[in-house]
Amino acid sequence: MSWITDTLGSSIGKKLLMSLTGLFLILFLVIHLIGNLSIFSGDGGLAFNSYAVFMTSFPLIKAVSYLLYFSILLHAFYAFMLWILNRKARPVRYAVEHANQNSSWASRSMTLLGSLIFIFLIMHLKDFWWQFKFGGGYEFEIDANGNRDLYKLVILQFQYTYVVIAYLIGLTALAFHLWHGFQSAFQTLGLNHDRYTPAIRFLGILYAVVVPLGFASMPVYIYFFMK
Amino acid sequence: MEKERTYTLKIWRQPNANMKGAFKTYKVEDISPGTSFLEMLDILNDQLSENGEDPVHFDHDCREGICGMCSLFINGRPHGPDEEITVCQLHMRVFKDGAKITIEPWRANAFPVIKDLVVDRSAFDRIVQAGGFISVNTGAAVDANAIPIQKVNAELAMDAAACIGCGACVAVCKNASAMLFTAAKVSQLALLPQGDIERKERAMKMVAQMDAEGFGACTNTGACSAECPKGIDLSVIARMNREYFTAKVTT
Ligand code: HEM
Ligand code: FES
């Protein structure tokens with residue numbers, strides 16, 4: 001046990017956990033995005049609703065979803081621990097700093113960006129997941145397949161301007177978080193080599209742009225074009 | 001002959017480790033562009049001594065970029081505005097006439113200020129003492145060609161060995177992390193056959209000492225490498241992480 005706590009408790013061990021949980025979240029987001037895009041399938045939400053049922057009832061996916069909740073909490077918990085540690089490491093700050101000459105804004109703002117994502121996640125989960133899984137007060141209609149109509153709730157939510165704006169802020173934070181975070185996770189794992197690091201960096205930037213844009217397309221499209 | 005210049009210096013003064021410090025402003029005149037930054041401070045100190053004031057204390061030794069003693073945070077950057085040089089290699093020509101120059105000590109919990117701009121960097125020594133060595137019997141030096149070494153590794157080890165331990169990486173890191181320094185020392189020995197015997201123990205002990213000294217944790221911002229006077233590459237940190245993980249799962 002002390003071997004595990006020693007290893008994971010060290011500065012590099014904590015980063016290892018952030019990196020692994022971060023990569024898991026990255027993987028999840030791809031699946032989440034692909035599934036959600038069934039909103040655009042033009043069938044009044046039938047495909048989307050059965051996808052939602054599948055995600056919340058298929059045993060393997062259910063098991064993975066608990067790992068996912070755990071990962072988010074662990075990631076945020078270690079982010080907070082490291083933030084405290086790192087602040088203590090510099091009790092007196094500089095009067096003059098030119099950080100923009102040696103590092104990117106995203107890389108220096110990971111805690112801020114992560115916190116924005118966290119707030120966004122709470123709101124997002126409350127809006128849909130809580131309603132769907134725990135019956136948060138919204139009366140679901142039943143679609144033609146006999147599934148609860150989550151699709152309808154999504155359309156309803158994205159009629160509110162403030163909801164759409166909150167989503168755009170959350171997704172922008174995610175984009176910047178991953179702009180740095182994607183490649184950072186590999187560096188933390190010790191994977192840095194002239195042969196593949198340029199590819200990882202490219203993929204990271206591609207991901208940081210495409211995935212948040214993909215997610216943003218839903219609230220934006222629904223807000224403007226679906227009543 | 002270029003025109004001589006005048007500067008306003010805002011310098012951190014602190015009588016000792018326990019007393020509070022504050023910035024003080026000074027003026028230096030008739031500085032020729034070819035003057036080195038440290039010579040400029042010498043000129044200021046002559047001025048202060050003549051007026052019976054305590055001269056500004058700052059670390060320096062070789063004044064040619066090899067010892068790693070000089071350590072000033074100048075206008076928001078360690079070793080000042082030029083790339084890949086130490087403060088002792090910085091010249092006044094890069095500062096415009098009339099410029100205001102702010103000079104601060106390295107700021108880190110693990111590098112307490114001793115006086116003015118001098119900080120205690122013995123934390124680095126303790127990290128090296130924890131494992132940054134190889135155990136061999138002393139005596140006549142072994143012939144350099146006796147042990148074959150792959151050229152790539154020899155070069156990478158040499159790149160890592162360029163670290164002079166000045167602490168600019170810690171100074172500039174927003175987390176005051178010592179990862180680049182420790183990683184350079186771990187890499188240098190991990191890449192060579194001589195370092196192989198104590199390889200695992202070294203990685204674990206040096207990381208443990210680095211954490212115990214109160215340095216922060218790396219967030220891969222890359223500021224350390226960007227400001228390193230010796231251009232130590234961020235890949236050494238990835239190598240140290242690999243060494244550390246491998247050591248942990250195999251010992
Ligand atoms: C779906 C959401 C998220 C994803 C996909 C994600 C992904 C990542 C990745 C891949 C890293 C890089 C790990 C590394 O450098 O080894 C990272 C780092 C980090 N994340 Fe997240 N994260 C998410 C949410 C959060 C949340 C909610 C917080 C905070 C409350 C947070 C805070 C941080 C911090 C502080 C870092 C450290 C930066 C660094 O070391 O480079 N993240 N994240
Ligand atoms: S005084 Fe030796 S490196 Fe600057």
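Chain naming here is simple, since letters A, B, ... match the order of the sequence lines and numbering starts at 1 in each.
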Just give me the residue among A:His193, A:Arg108, A:Arg87 that pairs up with chain B most often, heavy atom to heavy atom, under 4.5 Å. A:Arg108
With chain B, which of A:Val92, A:Leu191, A:Leu85 has the greatest number of heavy-atom pairs at distances under 4.5 Å? A:Val92
Restricting to non-hydrogen atoms, name the atom on [X] and the atom on [Y] that form the minimum distance, rounded to 0.1 Å.
| X | Y | value |
| --- | --- | --- |
| B:Tyr244 | A:Ser10 | OH-OG, 2.8 Å |
| B:Gly214 | A:Ala89 | O-CB, 3.6 Å |
| B:Lys174 | A:Arg93 | O-NH2, 4.4 Å |
| A:His98 | B:Arg77 | CB-CG, 4.0 Å |

What part of [X] gets within 4.5 angstrom of chain A, counting heavy atoms only: side chain, backbone, both, or neither?
| X | result |
| --- | --- |
| B:Pro81 | neither |
| B:Phe23 | side chain |
| B:Ala208 | neither |
| B:Cys224 | neither |
| B:Ile74 | neither |
| B:Thr221 | both |

Is the [atom1] atom of [X] crowded by more than 12 outside heavy atoms at less than 6.0 Å?
| X | atom1 | answer |
| --- | --- | --- |
| A:Tyr66 | OH | no |
| A:Phe176 | CZ | no |
| B:Met158 | CE | no |
| A:Asp194 | CG | no |
| A:Tyr160 | OH | no |
| A:Tyr69 | OH | yes |
| A:Trp179 | CH2 | no |
| A:Phe40 | CZ | yes |

When only pairs under 4.5 Å are counted, which of B:Val113, B:Leu234, B:Val170 shares the most heavy-atom pairs with chain A?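 Answer, by heavy-atom pair count under 4.5 Å with chain A: B:Leu234.
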Using a cut-off of under 4.5 Å on heavy-atom pairs, state which of B:Cys173, B:Ala110, B:Ser225, B:Ser177 scores highest against chain A.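 Of B:Cys173, B:Ala110, B:Ser225, B:Ser177, B:Cys173 has the most heavy-atom pairs under 4.5 Å with chain A.
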Going from [atom1] on [X] to [atom2] on [Y], what distance comes out if it is rounded to the nearest 0.5 angstrom?
| X | Y | atom1 | atom2 | value |
| --- | --- | --- | --- | --- |
| A:Asn102 | B:Glu83 | CG | CD | 9.5 Å |
| A:Lys88 | B:Phe215 | NZ | CZ | 16.0 Å |
| B:Asp211 | A:Asp6 | CG | CG | 10.5 Å |
| A:Lys14 | B:Cys218 | NZ | SG | 13.5 Å |
| A:Ser11 | B:Met179 | OG | CE | 5.5 Å |
| B:Lys248 | A:Leu8 | NZ | CG | 9.5 Å |

Closer than 3.5 angstrom, by distance alone: can the side chain of A:Arg90 be matched with the main-chain N or O of B:Arg107 as a donor-acceptor pair? yes
When you measure from the side chain of A:Asn86 to the backbone of B:Gly216, do you find a donor-acceptor pair of N or O atoms at a distance under 3.5 Å? no
Please assess A:Ile12 against B:Met240 for the test side-chain contact (heavy atoms from CB on, under 4.5 Å), listing each intermediate value before the final yes or no. CA-CA 9 Å; A:Ile12 300 182; B:Met240 173 164 76; 4.2 Å; yes
Check whether any side-chain heavy atom of B:Asn220 sits under 4.5 Å from a side-chain heavy atom of A:Gln187, and report yes or no. yes
